[in-house]
Amino acid sequence: QVRVSESGGGLVQAGGSLRLSCAASGGSLNIAAMGWFRQAPGKEREFVAAVRRNGGIVTYADSAKDRFTISRVNAENSVYLQMDSLKPEDTAVYLCAVAQRSITWQPPKLQSEYDFWGQGTQVTVSS
């Protein structure tokens with residue numbers, strides 16, 4: 001049974017920073033990419049950032065570019081999301097996901113391309 005667990009969420013003032021962590025373990029884990037999504041109350045879940053295991057190719061949503069940085073530690077099956085210059089509109093539950101296949105050289109952005117999900121960690125940015 002594959003498990004994906006996130007940590008690092010919390011309450012921060014606008015302009016502040018948070019670092020989210022995610023680790024995958026268990027089962028016959030074959031990771032092609034890991035990604036972060038977020039879901040705000042009353043809104044659809046949306047893509048934030050992703051990284052390929054091999055080569056470290058990254059991709060970001062426009063809302064995350066220049067403020068968020070995704071990184072990975074392959075040996076730990078872990079991925080991190082450094083979030084700087086946080087805004088109130090970044091408030092959401094942040095979920096980590098694992099993709100076992102990556103059809104293109106870019107890490108996947110669609111939820112349907114991810115196989116395993118964590119429960120999420122709450123990020124609240126106050127104004």
Side-chain angles (χ1 to χ4, degrees):
Q1 182 77 14
V2 174
R3 291 189 301 274
V4 180
S5 59
E6 308 95 334
S7 62
L11 174 64
V12 64
Q13 288 190 328
S17 298
L18 281 174
R19 186 174 187 252
L20 306 183
S21 302
C22 171
S25 63
S28 300
L29 198 55
N30 180 27
I31 299 175
M34 295 181 74
W36 288 97
F37 290 75
R38 67 185 184 185
Q39 188 163 19
K43 294 190 175 181
E44 299 278 329
R45 186 176 297 181
E46 64 178 5
F47 171 77
V48 177
V51 59
R52 283 200 63 165
R53 181 181 180 89
N54 294 332
I57 298 169
V58 299
T59 187
Y60 296 94
D62 288 344
S63 60
K65 284 178 184 175
D66 301 325
R67 297 188 301 125
F68 295 2
T69 303
I70 189 170
S71 60
R72 86 232 189 270
V73 178
N74 288 347
E76 298 173 355
N77 291 329
S78 296
V79 66
Y80 303 91
L81 187 68
Q82 177 67 38
M83 304 188 295
D84 299 317
S85 303
L86 283 161
K87 305 174 183 179
E89 50 263 44
D90 294 318
T91 295
V93 174
Y94 282 71
L95 302 105
C96 178
V98 173
Q100 294 191 298
R101 292 164 300 278
S102 186
I103 298 172
T104 69
W105 61 274
Q106 285 268 18
K109 293 184 177 182
L110 299 178
Q111 297 180 50
S112 59
E113 296 179 282
Y114 287 86
D115 302 288
F116 304 105
W117 293 80
Q119 294 295 311
T121 184
Q122 177 70 46
V123 171
T124 303
V125 184
S126 63
S127 57

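- Leu20 and Val58 fall within a single hydrophobic cluster, where Ile, Leu, Val, Met, Phe, Trp and Tyr side chains are chained together by heavy-atom contacts under 4.5 Å.
- Remark: Asp62 engages Lys65 in a salt bridge, criterion side-chain N to carboxylate O under 4.0 Å.
- Gln82 CD: more than 12 foreign heavy atoms inside a 6.0 Å radius.
- Between the side chain of Thr91 and the backbone N or O of Val125 there is at least one donor-acceptor pair closer than 3.5 Å.
- Rounded to the nearest 0.5 Å, atoms CD (Gln106) and OG1 (Thr59) are 4.5 Å apart.
- Checked by atom type and distance alone, the side chain of Arg67 pairs as donor or acceptor with a backbone atom of Ser85 at under 3.5 Å.
- Across Ser78 and Ala23, no two heavy atoms sit closer than the pair OG-CB, 3.9 Å.
- Counting only heavy atoms from C-beta outward, the side chains of Met34 and Arg72 never approach each other to under 4.5 Å.
- Applying the salt bridge (charged side-chain N to carboxylate O under 4.0 Å, His left out) criterion to Glu46, with sequence neighbours excluded, gives Arg38.
- Taking the six-membered ring for Trp and thresholds of 30 and 60 degrees, Tyr114 and Phe37 have ring planes more than 60 degrees apart, a perpendicular arrangement.
- Taking OG1 of Thr124 as the start and CG of Leu86 as the end, the distance is 10.5 Å to the nearest 0.5 Å.
- With hydrogens and angles ignored, the 3.5 Å screen pairs a side-chain donor or acceptor of Glu6 with a backbone N or O of Gln119.
- When hydrophobic clusters are built by joining Ile, Leu, Val, Met, Phe, Trp and Tyr residues whose side-chain heavy atoms come closer than 4.5 Å, directly or via intermediates, Val51 is grouped together with Leu29.
- In the hydrophobic cluster analysis, where Ile, Leu, Val, Met, Phe, Trp and Tyr join through side-chain heavy atoms closer than 4.5 angstrom, Ile70 is grouped together with Val98.
- Distance check, rounded to the nearest 0.5 Å: OH of Tyr94 to OG of Ser7 gives 15.0 Å.
- Here Arg52 contributes atom CZ and Trp105 contributes atom CH2; the two are 10.0 Å apart, rounded to the nearest 0.5 Å.
- A 4.5 Å side-chain heavy-atom check between Val79 and Cys22 finds at least one atom pair inside the cut-off.
- The line from CH2 of Trp36 to CZ of Phe47 is 12.5 Å long, rounded to the nearest 0.5 Å.
- Sorted by first and then second residue, the pairs that involve residues 91-118 and meet salt bridge (Lys or Arg N to Asp or Glu O under 4.0 Å), not counting sequence neighbours, are Arg101-Asp115.
- For Gln13 (side chain) and Ser126 (main-chain N/O), no donor-acceptor pair under 3.5 Å exists by modelled atom type.
- Here the closest heavy-atom approach between residue Pro108 and residue Ala33 is recorded as CD-CB, 3.7 Å.
- Side-chain contact between Ser17 and Val12: absent, with no pair of heavy atoms (C-beta onward) separated by less than 4.5 Å.
- Hydrophobic clustering (ILVMFWY, side-chain heavy atoms < 4.5 Å, transitive): Tyr80 and Met83 are in distinct clusters.
- With a 4.5 Å cut-off on side-chain heavy atoms, Leu95 and Arg45 count as touching.
- Distance OG1/Thr121 to CG/Leu81: 11.0 Å, rounded to 0.5 Å.
- With Asn77 contributing its side chain and Ser25 its backbone, the two residues share no donor-acceptor pair below 3.5 Å.
- Linking Ile, Leu, Val, Met, Phe, Trp and Tyr whenever their side-chain heavy atoms come within less than 4.5 Å leaves Val93 and Val48 in two separate clusters.
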